[in-house]
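Quick caveat: nothing in here was measured; it's all calculated off a predicted structure. We name chains A, B, ... by the order of the sequence lines, and we start the count at 1 in each one.
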Amino acid sequence: MNELSSRYNPKETEEKWLKVWKDRNIFHATPNPAKKPFTIVIPPPNVTGILHMGHALNNTLQDILIRYKRMNGFETLWMPGTDHAGIATQNVVEKQLTKEGKRRQDLGRDAFLKKLWAWKQEYGNTIIHQLEKLGSSCDWSRTRFTMDDDYSEAVKEAFIHLYQKGLVYQGRYIINWCPRCQTALSDEEAEHQEKNGKLYYIRYLFKNNPKESVIVATTRPETMLGDTAVAVNPKDPRYSKFIGQALILPLLNREIKIIADDFVSTEFGTGAVKVTPAHDPNDFAMGQRHKLEMINIMHADARINEHGGQYNGLDRFEVRKRVVADLEAQGFLVKIEDHKHAVGHCYRCDTVVEPYLSKQWFVKMKPLVKPALEAVKNGTITIKPERWEKVYINWMEEIRDWCISRQIWWGHRIPVWYDKEDNIFVAKSEEEAQAQAHAKYGKPVDLRQEEDVLDTWFSSWLWPFATLGWPKENADLKYFYPTNVLMTASEILFFWVARMIMAGYEFKGKVPFTEVFIHGTVRDAKGRKMSKSLGNAIDPLEIIEEYGADALRFSLIINSGQDIFISKEKFEIGRNFANKIWNASRLVFLNCQQGLEEGFETLELAKLDLPSRWILGAFYQALSKTSSAIEFFRYSEAENSMQDFFWGDFCDWYLELIKGKFGDVNVQKTALFVLKNSLKLMHPFIPFVTEETYSRLNAGDKCLSVAPWPVLQKELMDKEAFNQMQTIIDVISTIRNIRTQWNVKPNDSVDVILSPDNVSVERLLKENQADMQRLGRVRILTIDPKIQAVKDAASALVGSLKVFIPLGGLVDLAAEKKRMVQEIVQKQKSIGALQSRLANEAFVSQAPQDVIAKEKERLATLQKETSELNKVLSNLA
RNA sequence: GGGCAAGUAGCUCAGUUUGGUUAGAGCAAUUGAUUUACAUUCAAUAGGUCGUAGGUUCAAGUCCUACCUUGCCCACCA
């Protein structure tokens, strides 16, 4: 073992174990009737993705859980894979094309898709390799992609199923349109940002009486080109007499009517609203109610079209400026006010989305919601932390239909074919569609497939079962479904989690998972989201390179409460801890060869010395704390308690205590035993360094990754020994404190003289003199009545339990006296408070007995200490 | 506009579910240690009217009410 370096080398170790795990295929899961299954599906990262801190956190949390369950004897499956991420991926390849001066339309659909697949082939596994590097114990042999052939079958199956049930429909609606991506966006994909805009007041003259007018207010004046009415509230006295009258639309001089609609608020603006059914969702609804003409004034790229008269061909924002200028020039603009409002932006390219009238495919959500809502309400699925359940329920209750068609090419093309008369044939393939058409017309007809593809989430919502083989009902699906836990960030609760639950019920008749754990967002030290554009992102790969994956994982988890604020220095904590484990193991190996050879799996408590009995108790306490924290999703707590034990108890105390006792083979065995079990305890959090050291303990070839979790051995927990050792630790700590305070030179010993009423402690300390001497530089003396006064003095300094006297004139008596006076004053205050409390009848009658007893005890202690202090003070004087 | 969360040491956070001893940790600061498993180490010190104001209670960081500040989510008010 001498060849082991004193500095842990994460890079070498991590590479080694990644290879071993892979070669031995130990994370592979197969249905095993002898074991219980435990399944997690990964939130599939985008194929375009590169590992960021959010992934690192998400996957570390999942890995801790799955490793813990694996060690606890479950047949664990962690299903990995990637998402094709429609718009995002298409954008990447389109950007490449732009550099070559081409557009996707120049290539055509097939050639463009070929390019996309080539891109996927080359870069699509980047994120998977990065997740591997993190130590994620996924079953990599099962890695899925949402556009695999099997997966496409599942998507088609789902679409056809919903269509046949009447839950998929096609309609002309106002949707969110991104003029840059030139596709529809779902409501969730249109991010609303609060913007300082303007509110423009425009005068519309009456046709029959140009001296009279109605003033309307709008934030988007260019849309007036598509106005087909002005609406007022039917109960509004200002306008009721005008209902049905005609106005002249300025600039275009079209005639429009005044209509009455309850939607209009009398409070806002002037109480009169211009109605543009083709460019505003509310106006669209009004347009339908009143059968208004819908005039689409825009091209798909947001240039104004021929309906915009003189503005034909200009961009929407240019037209806004010109319309306002022209209105003003012609005297129609009344005023402009500042106005704050939320404007939708494309979540991919941040372009302002345009409400746009077009033909799209939708999923009817109301029927799907019912069981999914019920499942969370009745606890079939629990979401943690609990507050997210409310958010979920709230959203589900107000759900609207889901626009699932996208006007892009990368994705699952909608399995719909049209004939010349636009009749619809929904089928898995062109052949099937042809067959349907043939059956209908009795002869082959020309069919063309729907151009649009499905929303990416329409494939993702099938993830928990489509990855297991659905729609085929195979052994995997039977054994591993439903999955157990889903871990994700809050951002995709609606996009993904809610829809998966709906899909689980609709397609499988069962929940997709029983527990959802929502973790925080990783932010920088100032609380901002980490993003490339802000330049504040810390690259996890850089951290892995510099400090190791263990360090990255450890530091992320220890900082994970709610949102995680992180800066680069925080990763030193993890690096240091890995190094600590490494060096502690070195010490043990160097000194415990005999124990290693003789074996240390079973220990006989009776043969062990006090520190050894103590450390066993401490270990099992840490074991139960850590285990239960993992079960309750309290990962930072789990990590904390295991670190506290290993570093604070095992390294700082136990290893120090036994340094002089390695001659005792039972000490060696205990050290080995506790080290080995600690490695198991720590393994889910920091798999690499633990695996490496464990392999040196175990000559055999079994990996720690598949070793059994330590079993709580109550017979090895000696409570009395634990308490005794704790006392000794207290004494030594106090002595150390005194040494610092009184500035005792390192080579000087401090004598401890025990008070006569503390016989058991005296014996304890004497029995452990060697340890006391080594760790605290202490000599234990017998009591000499002649120095009773001095004994009293020192006793008071450190409380009632022990007595300490520093050698020869090291105490600054004046300072000590002053300190003692202060202490007495403080103690008397507490005594006063306690006495009045105990004199309070209400307290005595109502408080629980144990509380009262404790208070009494505390009072007694305080009184005793105070009297001792007083005695000392008078002695010193 | 509606909802949710947070506010505790200079900084980052535990603790609040179920009220009960003297409110804990890590980092930073200060003082010291090291014939060495580890300076990626060890010990000690100092630092807090628990956002503000009320209330309930024998007892409040913890429960209730209002307010202040910050962050997040949802929402079609032109």
Side-chain angles (χ1 to χ4, degrees), chain A residues 4 6-8 174 187 192 199-200 216-220 223 231 263-265 267-276 280-285 339 341-342 344 355 385-388 390-391 394-395 398 490-491 493-494 521 523 525 527 529 547 551 558-567 569-570 572-591 634 636-637 640 643-644 651-652 655-656 659 732-733 736-741 743-744 746 775-776 826 830 834 837-838 840-848 850-852 854-855 857-859 861-862:
Chain A
L4 286 179
S6 69
R7 204 158 282 199
Y8 171 57
I174 288 270
D187 289 337
H192 286 266
L199 192 58
Y200 303 86
V216 297
T218 177
T219 54
R220 293 186 298 149
T223 61
F263 163 77
V264 182
S265 152
E267 318 275 303
F268 191 91
T270 59
V273 189
K274 59 191 270 315
V275 183
T276 322
D280 183 278
N282 296 313
D283 295 4
F284 175 76
H339 180 67
H341 62 145
E386 245 173 81
R387 62 173 181 277
W388 292 106
K390 283 189 219 162
V391 178
N394 193 12
W395 186 75
E398 281 167 29
S490 59
E491 286 103 55
L493 182 61
F494 305 137
T521 308
R523 298 170 183 279
K529 245 185 192 177
Y547 296 142
I558 205 90
N559 283 296
S560 69
Q562 299 201 11
D563 280 359
I564 302 178
F565 299 80
I566 212 136
S567 56
E569 306 85 66
K570 294 218 168 155
E572 289 173 10
I573 305 169
R575 178 199 59 182
N576 295 356
F577 187 50
N579 193 58
K580 190 74 184 176
I581 295 171
W582 178 256
N583 276 297
S585 311
R586 268 180 75 219
L587 176 71
V588 174
F589 292 139
L590 285 169
N591 293 290
R634 306 169 78 128
S636 64
E637 199 179 303
N640 229 323
Q643 187 200 22
D644 264 6
C651 294
D652 289 348
L655 292 183
E656 292 303 326
K659 268 182 182 169
I732 295 178
S733 301
R736 283 172 169 171
N737 174 2
I738 292 208
R739 297 184 72 93
T740 315
Q741 272 190 8
N743 212 2
V744 180
L775 293 188
Q826 262 194 1
S830 308
L834 271 175
R837 191 139 191 239
L838 285 163
N840 186 334
E841 257 178 57
F843 174 69
V844 178
S845 61
Q846 288 177 41
D850 59 318
V851 172
I852 296 173
K854 274 181 191 166
E855 297 281 66
E857 199 181 307
R858 205 177 125 217
L859 179 64
T861 315
L862 277 169

Trainee: Taking the same atom, P, in B/U70 and in B/A33, what whole-Å distance lies between them?
Mentor: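 Roughly 48 Å separates the two P atoms.
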Trainee: Across the strands shown, which category fits A/F263 at heavy-atom distances under 4.0 angstrom: base, sugar-phosphate, nothing?
Mentor: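 Since a base atom lies under 4.0 Å of A/F263, the category is base.
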Trainee: Name the pairing partner of B/C13, where a pair is Watson-Crick or G-U wobble with both distances under 3.5 Å, or state none.
Mentor: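 Pair assignment: B/C13 / B/G24.
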Trainee: Out of B/A78, B/C73, B/U12, which nucleotide sits closest to the side chain of A/T219?
Mentor: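 The nucleotide sitting nearest to the side chain is B/A78.
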Trainee: Would you check, one step at a time, whether the test side-chain hydrogen bond (donor to acceptor under 3.5 Å, both in side chains) holds for A/N583 with A/R586?
Mentor: CA-CA 5 Å; A/N583 276 297; A/R586 268 180 75 219; 2.8 Å; yes
Trainee: Mind calculating the distance between NZ (A/K854) and C1' (B/A59) to the nearest angstrom?
Mentor: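 For the pair A/K854 NZ and B/A59 C1', the rounded distance is 14 Å.
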Trainee: With heavy atoms under 4.0 Å as the rule, sort A/V588 into base, sugar-phosphate or nothing.
Mentor: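 No contact at all - A/V588 keeps every heavy atom at 4.0 Å or more from the nucleic acid.
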Trainee: Quick one: which of B/A43, B/A78, B/U21 gets closest to the side chain of A/D652?
Mentor: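 Nearest nucleotide to the side chain: B/A43.
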Trainee: Among B/U21, B/C58, B/A37, which is the nearest nucleotide to the side chain of A/E855?
Mentor: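 Within the option list, the nearest is B/U21.
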Trainee: Using OP1 and OP2 only, check whether a side-chain N or O of A/R575 sits under 4.0 Å from B/C38.
Mentor: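 For B/C38, OP1/OP2 do not have a side-chain N/O of A/R575 under 4.0 Å.
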Trainee: Check every strand shown and say whether A/E572 touches a base, only sugar-phosphate, or nothing at a heavy-atom separation below 4.0 Å.
Mentor: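 If one applies the 4.0 Å heavy-atom cut-off, A/E572 turns out to touch nothing in the nucleic acid.
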Trainee: So, for A/A551 and A/R575, which heavy atoms are closest and what is the spacing to 0.1 Å?
Mentor: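 Heavy atoms of A/A551 and A/R575 come nearest at CB-N, 3.3 Å.
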Trainee: Please determine, for B/U45, whether a Watson-Crick or G-U wobble partner exists with both distances under 3.5 Å, and give it or none.
Mentor: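 Pairing partner: B/A29.
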Trainee: Rounded off to whole Å, could you give me the CZ-to-P distance for the A/R586 and B/U36 pair?
Mentor: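 Distance, rounded to whole Å: 13 Å.
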Trainee: Quick one: which of B/U12, B/A37, B/G20 gets closest to the side chain of A/A847?
Mentor: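 Among the listed nucleotides, the one closest to the side chain of A/A847 is B/G20.
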Trainee: Between A/T218 and A/V273, is any pair of side-chain heavy atoms under 4.5 Å apart?
Mentor: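 A/T218 does not reach A/V273 side chain to side chain.
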Trainee: Which nucleotide sits closest to the side chain of A/F843: B/G20, B/U40, B/U12?
Mentor: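 In terms of side-chain proximity for A/F843, the closest of B/G20, B/U40, B/U12 is B/G20.
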Trainee: Starting at CD of A/E637 and ending at C1' of B/U17, how long is that distance when rounded to a whole Å?
Mentor: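 About 13 Å, once rounded to whole Å.
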Trainee: Both distances below 3.5 Å, Watson-Crick or wobble geometry, any strand: find the nucleotide opposite B/A66.
Mentor: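 Because both required distances fall under 3.5 Å, B/A66 counts as paired with B/U52.
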Trainee: State which of B/A78, B/G15, B/G20 makes the closest approach to the side chain of A/P848.
Mentor: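 Out of B/A78, B/G15, B/G20, the nucleotide with an atom closest to A/P848's side chain is B/G20.
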Trainee: Take the protein atom CZ of A/F589 and the nucleotide atom C1' of B/A37, then report the distance between them rounded to whole Å.
Mentor: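 My rounded result for the distance is 12 Å.
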Trainee: Identify the heavy atoms of A/F577 and A/Q643 that sit nearest to each other, and give their distance.
Mentor: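 The pair with the smallest heavy-atom distance is CE1-CG, 3.6 Å.
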Trainee: Does A/K580 get its side chain close enough to the base of B/C38, under 3.5 Å, for a donor-acceptor pair?
Mentor: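 Answer is yes: a donor-acceptor pair is held.
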Trainee: Confirm from the modelled atom types if A/N840 and B/C58 form a donor-acceptor pair under 3.5 Å, side chain to base only.
Mentor: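 Side chain to base: no pair below 3.5 Å.
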Trainee: Please give the nucleotide sitting opposite B/C4 as a Watson-Crick or G-U wobble pair, both distances under 3.5 Å, or none.
Mentor: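 Pairing partner, where one exists within any strand: B/G71.
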Trainee: Which nucleotide sits closest to the side chain of A/S6: B/A59, B/C38, B/C74?
Mentor: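 Taking heavy atoms from C-beta onward, the closest nucleotide is B/C38.
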Trainee: How is A/E656 classified with respect to the nucleic acid when contacts are heavy atoms under 4.0 Å: base, sugar-phosphate, or nothing?
Mentor: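 The residue A/E656 makes base contact.
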Trainee: When both hydrogen-bonding distances must be under 3.5 Å and the geometry is Watson-Crick or G-U wobble, what is B/C76 paired with, if anything?
Mentor: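 Paired with no nucleotide.
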Trainee: Distance check, P atoms only: B/A9 and B/C4, in whole angstrom units.
Mentor: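 About 26 Å, rounded to a whole number of Å.
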Trainee: Between B/C27 and B/A23, how far apart are the two P atoms, rounded to whole Å?
Mentor: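 The same atom, P, in both gives a distance of 22 Å.
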Trainee: When you compare B/G71 with B/U8, how far apart are their P atoms, in angstrom units rounded to a whole number?
Mentor: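 That atom pair is separated by 15 Å.
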Trainee: Which value, in whole Å, describes the distance between the C1' atoms of nucleotides B/U40 and B/G26?
Mentor: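 Rounded to whole Å, the distance is 16 Å.
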Trainee: Nearest-Å distance, CD (A/E857) to C1' (B/G20)?
Mentor: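 Rounded to the whole Å, the gap is 15 Å.
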Trainee: With respect to the side chain of A/N583, which nucleotide from B/A37, B/A78, B/G15 is positioned closest?
Mentor: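 Nearest to the side-chain atoms of A/N583, counting from C-beta on, is B/A37.
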Trainee: The side chain of A/K390 lies closest to which of these nucleotides: B/A5, B/G15, B/C74?
Mentor: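 For the A/K390 side chain, the nearest candidate turns out to be B/A5.
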Trainee: Please state the C1' separation for the pair B/G61 and B/G24 - nearest whole angstrom.
Mentor: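 It comes out at 12 Å once rounded to the nearest Å.
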Trainee: Quick one: label A/V273 by what it contacts on the DNA or RNA (base, sugar-phosphate, nothing), any heavy atom closer than 4.0 Å.
Mentor: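 Here A/V273 touches the bases of the nucleic acid.
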Trainee: Figure out the OH/P separation between A/Y8 and B/U41, and round it to whole Å.
Mentor: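 Spelled out: OH on A/Y8 to P on B/U41 is 16 Å.
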Trainee: Give A/R7 one of three labels, base, sugar-phosphate or nothing, depending on what nucleic acid heavy atoms sit under 4.0 Å from its own.
Mentor: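 It contacts base atoms.
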Trainee: Do A/D652 and A/K580 come close enough that some side-chain heavy atom pair is under 4.5 Å?
Mentor: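 A side-chain contact exists here, since the closest heavy-atom pair is under 4.5 Å.
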Trainee: State the pairing partner of B/A60; accept Watson-Crick or G-U wobble contacts with both distances under 3.5 Å, and report none otherwise.
Mentor: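 Looking at the geometry, B/A60 pairs with no nucleotide.
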Trainee: Does a side-chain N or O of A/K659 approach OP1 or OP2 of B/A37 to a distance below 4.0 Å, or not?
Mentor: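 Checking B/A37 against A/K659, a side-chain N or O does come within under 4.0 Å of OP1 or OP2.
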Trainee: Angle between ring planes, A/F494 versus A/W395, binned at 30° and 60°: parallel, tilted or perpendicular?
Mentor: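 Parallel: the ring planes of A/F494 and A/W395 meet at under 30°.
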Trainee: Within this structure, what is the CG-to-P distance between A/L834 and B/U21, rounded to whole angstrom?
Mentor: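 Whole-Å distance recorded here is 12 Å.
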Trainee: Taking the side chain as every heavy atom from C-beta outward, state whether A/R220 and A/D280 have any atom pair closer than 4.5 Å.
Mentor: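 Result yes, sub-4.5 Å side-chain heavy-atom pair found.
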Trainee: On a whole-Å scale, what distance lies between the C1' atoms belonging to B/U52 and B/G47?
Mentor: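 Those two atoms are separated by 23 Å.
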Trainee: Pick the nucleotide of RNA chain B nearest each of A/N282 and A/C651; which residue has the one closer to the 5' end?
Mentor: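 On the 5' side of the pair lies A/C651.
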Trainee: Could you walk me through whether A/T223 and A/K274 pass the side-chain contact (heavy atoms from CB on, under 4.5 Å) check?
Mentor: CA-CA 9 Å; A/T223 61; A/K274 59 191 270 315; 2.7 Å; yes
Trainee: Using the P atoms only, state how far B/A5 lies from B/A78, rounded to an integer number of Å.
Mentor: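 The same atom, P, in both gives a distance of 28 Å.
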Trainee: How many Å lie between CH2 on A/W388 and P on B/C73, as a whole number?
Mentor: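 For the pair A/W388 CH2 and B/C73 P, the rounded distance is 9 Å.
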Trainee: Say you draw a straight line from CG of A/D283 to CZ of A/F263; how long is it, rounded to the nearest 0.5 Å?
Mentor: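 It is 7.0 Å, given to the nearest 0.5 Å.
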Trainee: With RNA chain B as reference, determine whether A/D280 or A/I573 sits nearer its 5' end, using the nearest nucleotide of each.
Mentor: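 Result: A/I573.
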Trainee: Base, sugar-phosphate, or nothing: which does A/P355 touch, judged by heavy atoms less than 4.0 Å apart?
Mentor: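 Since no nucleic acid heavy atom lies under 4.0 Å of A/P355, the category is nothing.
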